[in-house]
Asks: 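The structure is given below, and queries will be raised subsequently.
Hydrogens, waters and symmetry mates are skipped; everything else that's a heavy atom, side chains included, is used. Remember, it's 1-based here, ligands and their atoms both numbered in the order they're listed. Fair warning: this is a prediction, and the values are worked out from it, not measured in the lab.
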Amino acid sequence: MNNQRRILLLGSGGREHAFAWKLARSPRCSQLFVAPGNAGTSACGQNVALNPLDFEAVGRFCLEHEVDMLVVGPEEPLVRGIWDYFQENEKLRHIPVIGPSKAGAVLEGSKAWSKKFMQRHHIPTAAYREFTGENVEDGLRYLAGHPLPIVLKADGLAAGKGVVICQSHAEAEREFREMLGGKFGTAGHRVVVEEFLSGIEFSVFVLTDGKTYKILPEAKDYKRVGEGDTGPNTGGMGAVSPVPFVDEAMWQKVEERIIRPTVKGLKKEKIPYKGFIFFGLIKVNGEPYVIEYNCRMGDPETEVVLPRLKNDLVVLFDNCAKGSLGRVKIRADKRTAATIFLVSGGYPGDYQKGKAITGLEQVKGSMTFHAGTAVTEAGCVTAGGRVVALTSFGKDIAAAIRKSKRSAKVVQFEGKYFRRDIGRDLEG
Ligand code: AMP
Ligand code: GLY
């Protein structure tokens, strides 16, 4: 049987550059298309100007270019049902989609649904209640009696902005009304009010074929823009893998209480799921709880997880699609990988684009994963808030970070900013 794959990867961030880099290294990848991609992915495959949300155009492209595997990077096409679109179309059905069905992507697409799912399967998570426009008064009464801080979550996708941690009852009431009033569009028409968990967060990833699962290296990301975890939330300023406090005992708890019941729960509820599950976890008094599920890999976590993954990613995806993941053994590089994101000045607020980026070719000892970059006649320029992730290996976090910091000085663009303290909280 022909085991060469012609792959279309959807997305345009650092995560997708890391995927593109890893897929292109596989002897089983005969052609890689990335839609729409960025300046970095164009060095791994062919960028194509397709909107990942235009399923018809994606399907047409797959037929015209004999694509035989679709890998979906971001959540939105999955939440909107790209898997189902391919399944329901006779001509596209034979193309495996790496990513869950719409029914599975709801793990990320609806926080209220995922909370109920966790309750049904006794998966540890923060206590919560949900409210809509129908029971605003009940909601306000509930908030008034809730201890501080109060976590409010817009139910649907809100571009990573839908979680607000309120330090006063007045703020919680205002935020609650604003969410229901449409601050996040329809995403906030249902609001989850959640108990605040105090602890240290980490991210766990599995690839599942719907029957079994394989655990990938874990990671910790750094979401706040400022050093010492201060300032507003971003898409992620850096990440490290492995995470020293996730020891054998913690892994056992995570697998038994969280991963296994999640995969079993999906199977029991007959929800088609062949793709990644990203568990956003928090360790509270030594015990793991789920903060959130995502139906995709993390960004910037992918930029440290895939470099550590020794397996051929096409082989993994093929087994995922065929339902034979049980045969696979995951092999990870023992070294530490750390990544630092160079971002545009002002991010996550307003920032300028189109700044010339220099020094990328001079980087030594780090991998560069592009995110917000574009190629113009003038060369490579900034095209987003998060610009380039610099990933390095080291014997420990400090050593890996040292290399990434050195590389961060080599790459230049006007307004460049990065956090110098990625991983410092974990250094032993
Ligand atoms: P999300 O946008 O869903 O990734 O959530 C953003 C961040 O909000 C998480 O990474 C946590 O830091 C924080 N968060 C969400 N839920 C809780 C909770 N129940 N307790 C404490 N922090 C939370
Ligand atoms: N790094 C967090 C995320 O990808 O959602």
Side-chain angles (χ1 to χ4, degrees), residues 11 13-16 18-19 72-76 78-79 105 107-115 118 123-130 146-167 172 175 179 184 187-188 191-205 216 218-225 229-241 243 276-285 287-306 339 341 343 348 369 371 385-386 389 422 425:
R15 168 183 52 212
E16 284 75 23
F19 268 124
V72 186
E75 63 278 8
E76 208 172 341
L78 294 165
V79 171
L107 271 186
E108 174 165 1
S110 166
K111 301 213 186 270
W113 191 91
S114 74
K115 295 296 279 189
M118 286 185 262
I123 295 165
T125 187
Y128 83 105
R129 288 272 304 271
E130 60 174 273
H146 199 291
L148 295 172
I150 305 174
V151 182
L152 296 186
K153 299 185 171 181
D155 178 49
L157 292 186
K161 297 189 173 71
V163 176
V164 182
I165 297 173
C166 304
Q167 302 297 339
E175 191 62 46
M179 279 189 184
F184 298 114
V191 174
V192 167
V193 180
E194 206 174 274
E195 166 200 16
F196 179 81
L197 297 177
S198 180
I200 185 158
E201 289 178 63
F202 60 109
S203 307
V204 163
F205 309 93
L216 304 177
E218 80 282 6
K220 182 176 192 293
D221 83 338
Y222 291 79
K223 289 200 171 101
R224 303 295 197 91
V225 73
D229 288 324
T230 54
N233 259 324
T234 70
M237 298 294 292
V240 300
S241 175
V243 181
F276 292 102
I277 311 175
F278 166 161
F279 300 82
L281 305 181
I282 188 166
K283 176 179 148 185
V284 183
N285 299 324
E287 308 299 328
Y289 292 81
V290 178
I291 289 273
E292 60 166 353
Y293 287 115
N294 294 307
C295 61
R296 51 165 175 89
M297 281 297 289
D299 192 352
E301 290 97 324
T302 306
E303 291 93 304
V304 290
V305 171
L306 290 187
T339 198
F341 240 117
V343 308
F369 293 119
R386 292 193 297 170
I422 302 299
D425 58 328

Asks: Which option out of R296, E292, E301, M237 puts a heavy atom nearest to atom 5 (O) of ligand 2?
Replies: R296
Asks: For residues P300 and G236, report the shortest heavy-atom separation together with the two atoms involved.
Replies: CD-CA, 3.8 Å
Asks: Do F279 and F205 pass the ring pair (Phe, Tyr, Trp, His ring centres under 6.0 Å) test, and can you show the C-alpha distance, the side-chain angles, and the key distance before you say yes or no?
Replies: CA-CA 6 Å; F279 300 82; F205 309 93; 8.8 Å; no
Asks: Provide, to 0.1 Å, the distance between atom 2 (C) of ligand 2 and the closest protein heavy atom, together with that atom's residue and name.
Replies: D221 OD2, 3.5 Å
Asks: Using 30° and 60° as the class limits, which term best fits the ring planes of F276 and F19: parallel, tilted or perpendicular?
Replies: tilted
Asks: What are the atom names and distances for all N or O pairs under 3.5 Å between ligand 1 and the protein?
Replies:
{"residue": "ligand 1", "atom": "3 (O)", "partner": "K111", "partner atom": "NZ", "Å": "3.2"}
{"residue": "ligand 1", "atom": "3 (O)", "partner": "E292", "partner atom": "OE1", "Å": "2.7"}
{"residue": "ligand 1", "atom": "4 (O)", "partner": "E292", "partner atom": "OE1", "Å": "3.2"}
{"residue": "ligand 1", "atom": "4 (O)", "partner": "E292", "partner atom": "OE2", "Å": "2.8"}
{"residue": "ligand 1", "atom": "10 (O)", "partner": "E201", "partner atom": "OE1", "Å": "2.8"}
{"residue": "ligand 1", "atom": "10 (O)", "partner": "K223", "partner atom": "NZ", "Å": "2.8"}
{"residue": "ligand 1", "atom": "12 (O)", "partner": "E201", "partner atom": "OE1", "Å": "3.3"}
{"residue": "ligand 1", "atom": "12 (O)", "partner": "E201", "partner atom": "OE2", "Å": "2.4"}
{"residue": "ligand 1", "atom": "16 (N)", "partner": "K153", "partner atom": "NZ", "Å": "3.0"}
{"residue": "ligand 1", "atom": "19 (N)", "partner": "E194", "partner atom": "OE2", "Å": "2.6"}
{"residue": "ligand 1", "atom": "19 (N)", "partner": "E195", "partner atom": "O", "Å": "2.9"}
{"residue": "ligand 1", "atom": "20 (N)", "partner": "L197", "partner atom": "N", "Å": "2.8"}

Asks: Of E130, E292, E194, which meets side-chain hydrogen bond (donor to acceptor under 3.5 Å, both in side chains) against K115?
Replies: E194
Asks: Would you please name every residue forming a side-chain hydrogen bond (donor to acceptor under 3.5 Å, both in side chains) with E218, sequence neighbours left out?
Replies: none
Asks: Mind checking whether R15 contacts ligand 2 via backbone (N, CA, C, O), side chain (CB onward), both or neither, at a 4.0 Å heavy-atom cut-off?
Replies: neither
Asks: Output the list of atoms in ligand 2 that are nearer than 4.0 Å to some heavy atom of G298, sorted by atom number.
Replies: 4 (O)
Asks: Quick one: side-chain hydrogen bond (donor to acceptor under 3.5 Å, both in side chains) partners of S114, sequence neighbours excluded?
Replies: none
Asks: According to side-chain hydrogen bond (donor to acceptor under 3.5 Å, both in side chains), who are the partners of K220, at least two apart in sequence or on a separate chain?
Replies: D425
Asks: How close do A389 and T339 get, heavy atom to heavy atom, and via which atoms?
Replies: CB-OG1, 3.5 Å
